[in-house]
Protein chains: 2
Amino acid sequence: MSEAPRSGAQALVNTLVDSGVDVCFANPGTSEMHFLAALDNPRMKSVLCLYEGVCTGAADGWYRMKDTPASTLLHLGPGLANGLSNIHNAKRASSGMVNIVGEHSALHLKYDPPLTSDIEGLARPLSHWVRRAESSATIAWDTAAAVAKASEHPGQIATLILPGDTAWKDAGEAVTPKPVAAVRPAPDAACVEQVAKVLRSGEPVLLILGNKATRGRALELAGKVAAGTGCRLGSQFFTARIERGAGRTPLERIPYAVPLGQAFLKDFRHIVTLETKEPVAFFSYPDKPSLLKAPGTVVHPLVEEHEDSTAALEMLIDALGLKDTPGLVQERIEASAPSGALNPETIAHALSAALPENAILVDESLTTGRQTMGLTMGARPHDLINNMGGSIGYGTPVATGASLACPDRRTFCMVGDGSAMYTIQSLWTQAREGLPVTTIIFANNQYAILKAEYANMGAGTPGPQAMAMIDIDRPTIDWVAMARSMGVPGVQVSTAEDFHREMARSAEMDGPCLIEVKLY
Amino acid sequence: MSEAPRSGAQALVNTLVDSGVDVCFANPGTSEMHFLAALDNPRMKSVLCLYEGVCTGAADGWYRMKDTPASTLLHLGPGLANGLSNIHNAKRASSGMVNIVGEHSALHLKYDPPLTSDIEGLARPLSHWVRRAESSATIAWDTAAAVAKASEHPGQIATLILPGDTAWKDAGEAVTPKPVAAVRPAPDAACVEQVAKVLRSGEPVLLILGNKATRGRALELAGKVAAGTGCRLGSQFFTARIERGAGRTPLERIPYAVPLGQAFLKDFRHIVTLETKEPVAFFSYPDKPSLLKAPGTVVHPLVEEHEDSTAALEMLIDALGLKDTPGLVQERIEASAPSGALNPETIAHALSAALPENAILVDESLTTGRQTMGLTMGARPHDLINNMGGSIGYGTPVATGASLACPDRRTFCMVGDGSAMYTIQSLWTQAREGLPVTTIIFANNQYAILKAEYANMGAGTPGPQAMAMIDIDRPTIDWVAMARSMGVPGVQVSTAEDFHREMARSAEMDGPCLIEVKLY
């Protein structure tokens with residue numbers, strides 16, 4: 001039982017922790033002072049972030065590793081706005097999250113003071129659930145509803161607006177709303193039977209696994225299906241979290257570029273999807289299709305996003321009689337420490353050799369990482385996290401939240417220089433919390449992805465002014481100075497052996513560090 | 001005449017420059033590659049910003065100095081979201097702005113690719129005008145409508161959504177929509193007569209000037225009214241831009257804290273407002289009122305926000321027969337260079353002594369600045385810019401845009417450490433463009449404003465966990481290293497004489513620099 005709550009804010013925080021939401025990524029303002037007072041609760045961990053995009057990205061990273069929502073504290077409409085792009089990324093990754101957004105008290109709003117905005121309007125496009133807490137007496141129920149929504153499968157974005165008077169008024173007697181367990185139904189049996197038939201047909205089949213199907217028991221079961229039927233196992237180019245490396249069931253990554261994606265998919269007669277949809281191009285281009293599959297390919301949705309992949313695959317294995325078939329397993333590929341120039345291959349070898357067992361790898365490296373990741377399949381077992389929403393600046397906050405969720409594991413965050421500048425404030429929180437995070441900046445001094453995309457778009461050759469919007473040299477960013485300014489030690493490397501050595505060294509450290517990989 | 005446009009994006013850019021919008025603060029992505037190609041137009045100045053909050057804040061700063069809108073280029077919904085908090089600040093400052101937001105092409109949207117979001121939904125709460133450009137053949141008209149809207153008085157936020165196919169398809173023949181001149185009507189004559197009567201009554205009157213009334217001819221005329229009638233002249237605590245210092249009509253600043261604001265206003269029988277509203281508390285507090293005036297005070301709106309203060313004051317002066325009355329003028333107060341410990345008084349004296357004539361002073365210093373600015377009334381004439389929307393992180397971007405608008409003047413940006421971390425990426429753009437901006441970081445290692453507000457809220461004494469959400473030491477931020485990492489030279493000062501010397505020295509520099517004022 002909780003102690004009796006006094007203020008509405010205390011009832012809110014008590015309900016959060018009673019419901020299992022025991023971390024709050026916060027950037028408070030004046031209107032949230034009573035919430036701040038309520039955070040002085042030994043059961044709640046509060047983490048200060050110096051920008052709201054760090055708060056919401058960290059909540060995403062927390063969910064990716066824990067499968068339970070974190071809370072954020074944001075300062076009125078503009079504070080929420082600053083967190084929206086990483087809420088978008090979290091939403092696309094099916095990460096649940098409870099956002100608490102401060103607001104003026106009801107009586108003050110009619111005077112339209114400067115920080116007033118349409119908070120519901122700002123929240124709604126990227127939230128699954130939005131509510132304004134109208135009374136301190138009922139806020140515990142609002143909070144329980146928010147947590148229940150965020151905890152659904154797939155995870156949902158719940159945004160609770162907290163007017164000042166609701167926070168500071170008396171909440172009355174302590175209430176403890178009963179937590180609601182999330183339900184994951186099994187898929188329709190007819191659907192499973194249809195997929196079993198397809199798999200027995202001998203025609204080429206690709207199973208595409210998404211969301212929670214790319215881990216644990218579901219992933220193992222998919223390995224049995226592949227071993228027993230000869231189908232292939234794929235993942236989208238971006239996945240919320242994949243358990244991969246030696247000992248895990250390997251998934252083939254569908255390429256990002258439209259022609260490569262089409263080439264990868266062209267020979268499959270059937271695509272079976274689990275907690276994901278058929279592959280779609282990330283962007284639209286004047287002369288390229290949106291759907292990547294070949295015209296005659298048939299798509300079979302086996303597991304819808306709210307359903308249970310483990311149950312579905314158990315049913316499928318029963319139908320196919322594969323219970324005792326051993327699953328596919330990725331072998332360990334011992335990578336020797338590379339040397340010489342930094343290029344996609346030597347970078348991949350350095351990663352493979354240096355990644356410790358059970359590492360968390362957050363990838364926002366865009367151009368560099370896209371050419372690299374296939375070569376790390378045989379690394380020690382690790383979790384790989386991708387950006388599902390495509391809004392840059394997700395990497396360093398997600399690494400921060402993932403590391404807080406799993407402080408006993410080392411987190412590596414690979415990020416391009418363009419992306420890193422978006423939410424670089426994460427480094428400060430990593431230093432403050434002493435998090436075991438290695439941030440790897442691939443510094444090529446350009447939005448390199450855009451140079452390729454300029455050509456893909458058929459926009460011709462960039463003129464000098466267009467090129468100046470893609471190059472981020474002049475001035476070059478000194479990442480080691482940047483990291484040090486926020487209390488994170490850093491080092492610059494420009495050879496493969498130095499990169500490998502610093503990666504391996506960082507794996508032994510207790511706190512955060514940054515490695516600037518100089519690619520120019 | 002423009003050259004014949006080819007793509008929709010070129011028609012858009014041509015229409016912008018034909019309408020006088022000749023700067024674009026940009027952070028492009030894949031979907032904006034054709035717009036990027038169109039930016040290769042010698043009549044358009046493109047400025048790369050490494051975060052969208054810098055783009056929108058810079059557009060705000062541009063408008064504050066030019067009274068004409070700038071454009072921004074933002075990457076889909078999340079790119080817009082990153083710019084929203086400074087759009088909020090700009091909206092509250094009545095700054096016009098044309099936001100161009102990239103979007104997937106129409107046919108691609110139905111597949112719900114990762115970067116899809118409800119862009120209209122995100123734009124609407126903080127835009128006055130939102131439109132999706134449906135065809136490259138008509139986009140010139142959409143663009144002209146956006147510029148006309150942004151150019152209204154008060155300035156408006158116009159957001160134009162640009163789907164990829166609209167950008168890349170052929171725009172047909174060149175069209176040059178006629179620019180629409182903004183109209184500023186004079187106020188109602190009866191209203192002027194009523195205010196004249198009040199001013200003749202001999203009862204205590206406060207004229208509160210806002211928006212464009214705090215500059216130029218309107219400000220001079222207000223000085224005549226005050227000199228001729230004995231009324232007092234005030235400004236809200238925050239104003240979009242004030243021409244102040246020696247030789248200008250002085251305005252008294254209504255204090256921020258509720259009890260001080262009430263004390264300032266309590267003896268006025270009448271409040272007359274010009275392009276602003278009666279004073280309202282910034283936040284709501286459990287035991288404090290929202291309106292700051294005394295109960296019996298009568299408010300007379302003389303100039304509504306869309307009307308012309310100059311015309312109104314001319315009418316008022318005619319009615320009062322004050323045409324030949326000399327106006328109030330602030331005398332120059334020669335401040336001697338201070339020495340010793342840094343405190344609000346010595347900081348103010350250093351500013352007064354060091355600010356060069358015609359400087360632009362952007363103030364986001366919160367606690368430090370609030371205690372300081374009254375003491376700089378007699379500095380050399382300068383423009384003072386405040387944060388009207390209350391969302392922190394406005395200062396360094398606004399200084400960037402103001403400096404680009406007025407490259408021959410030195411811009412000083414006073415910013416607290418908490419606020420500076422929000423949009424610190426501005427420094428990189430300042431270095432890239434070689435802007436004459438001096439950034440002054442008041443580093444007290446805390447959200448000091450929140451310590452005061454915690455007490456104002458009656459939230460009791462902060463416990464250790466609440467206090468940890470207010471202090472931003474552990475680690476302390478090294479602002480000189482931070483600046484250097486982005487190519488801006490910096491220096492740390494901890495005495496009044498050093499601060500004054502570095503201020504004066506920076507005034508002679510060509511490019512940007514940063515002064516960390518160590519207050520702890």
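Each chain gets a letter, A, B and so on, in the order the sequences are listed, and its residues count up from 1.
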Checking B:L126 against chain A: side chain, backbone, both or neither under 4.5 Å from a heavy atom? side chain

Between A:S485 (side chain only) and B:I477 (backbone N and O only), is there a donor and an acceptor less than 3.5 Å apart? no

Flag the one option from B:A37, B:A123, B:G164, B:A9 with the top tally of heavy-atom pairs under 4.5 Å to chain A. B:A37

Top residue by heavy-atom pair count (under 4.5 Å) with chain A, among B:F35, B:F283, B:Y111? B:F283

Specify the closest pair of heavy atoms between A:W168 and B:M457, including all atoms of both residues, with the distance to one decimal. CZ3-SD, 4.1 Å

Max heavy-atom pairs within cutoff under 4.5 Å with chain A, candidates B:I392, B:V47, B:L107, goes to B:V47

If you tally heavy-atom pairs under 4.5 Å between each of A:P163, A:P114, A:G79 and chain B, the highest tally belongs to A:P114

Between A:M467 and B:D40, is any pair of side-chain heavy atoms under 4.5 Å apart? no

Here the pair of heavy atoms bringing B:F282 nearest to A:H104 is O-CE1, 3.3 Å

Mind listing the closest non-hydrogen atom pair of B:L39 and A:Q465 along with its distance? O-NE2, 3.3 Å

For A:A281, is it the side chain, the backbone, both, or neither that has a heavy atom closer than 4.5 Å to a heavy atom of chain B? both

Part of A:V54 lying under 4.5 Å from any heavy atom of chain B: neither

Please classify the contact between B:K277 and chain A as side chain, backbone, both or neither, with a heavy-atom cut-off of under 4.5 Å. side chain

As an exercise: rank B:G390, B:S290, B:G487, B:G458 by heavy-atom pairs under 4.5 Å with chain A and give me the winner. B:S290

Does the B:Q425 side chain pair with the main chain of A:M421, one donor and one acceptor, at a distance under 3.5 Å? yes

For chain A, which candidate among B:P286, B:A483, B:A468, B:G83 shows the most heavy-atom pairs at distances under 4.5 Å? B:P286

Taking B:D478's backbone N and O only, do any of them form a donor-acceptor pair with A:R484's side chain (distance below 3.5 Å, no angle check)? no

B:Y285: which residues meet the ring pair (Phe, Tyr, Trp, His ring centres under 6.0 Å) condition with it, sequence neighbours left out? none

CA sep, side-chain torsions, deciding dist, call: A:I472, B:W428, side-chain contact (heavy atoms from CB on, under 4.5 Å): CA-CA 9 Å; A:I472 57 174; B:W428 183 86; 4.0 Å; yes

Can any side-chain N or O of B:H34 pair as donor or acceptor with the backbone N or O of A:Y454 at less than 3.5 Å? no

Atom group of A:L76 that falls short of 4.5 Å from chain B, counting heavy atoms: side chain

What pairs meet the side-chain hydrogen bond (donor to acceptor under 3.5 Å, both in side chains) rule with one or both residues in residues 77-92 of chain A, with sequence neighbours excluded? A:Y51-A:N82, A:E52-A:N82, A:N82-B:S85, A:S85-B:N82, A:N86-A:N89, A:R92-B:D112

Contact part of A:L73 toward chain B, heavy-atom cut-off under 4.5 Å: side chain, backbone, both or neither? neither

Distance (rounded to the nearest 0.5 Å) between A:S31 OG and B:E453 CD: 9.5 Å

Do B:P475 and A:M486 make a side-chain contact, defined as non-hydrogen atoms from C-beta onward lying under 4.5 Å apart? no

Side chain from CB out, backbone as N, CA, C, O: work out which of these in A:T476 comes under 4.5 Å of a heavy atom of chain B, or both, or neither. backbone

If you count heavy-atom pairs within less than 4.5 Å of chain B, which of A:L291, A:T30, A:L84, A:D165 leads? A:T30

In terms of heavy-atom proximity below 4.5 Å to chain B, should A:K169 be classed as side chain, backbone, both, or neither? neither

By a 4.5 Å heavy-atom criterion (distance strictly below it), what part of B:P462 contacts chain A: side chain, backbone, both, or neither? backbone

Between B:M469 and chain A, with a heavy-atom cut-off of 4.5 Å, which part of the residue counts as in contact: side chain, backbone, both or neither? both

Chain A interface, residue from B:L115, B:L450, B:V280 that has the most non-hydrogen pairs under 4.5 Å: B:L115

Are the side chain of B:D118 and the backbone of A:P125 linked by a donor-acceptor contact shorter than 3.5 Å? no

Against chain B, work out which of A:T116, A:N456, A:V480, A:I470 has the most heavy-atom pairs shorter than 4.5 Å and name it. A:T116

From the list A:S46, A:G29, A:A431, the residue making the most non-hydrogen contacts under 4.5 Å with chain B is A:S46

If you count heavy-atom pairs within less than 4.5 Å of chain B, which of A:L80, A:D471, A:T423 leads? A:D471

Report the option among A:A81, A:A452, A:A26 that has the most heavy-atom pairs separated by less than 4.5 Å from atoms of chain B. A:A81

Counting only N and O atoms by type, is there a donor-acceptor contact under 3.5 Å from the side chain of B:R474 to the main-chain atoms of A:R432? no

Measure distances from B:P464 to the heavy atoms of chain A and classify the residue's part below 4.5 Å as side chain, backbone, both or neither. both

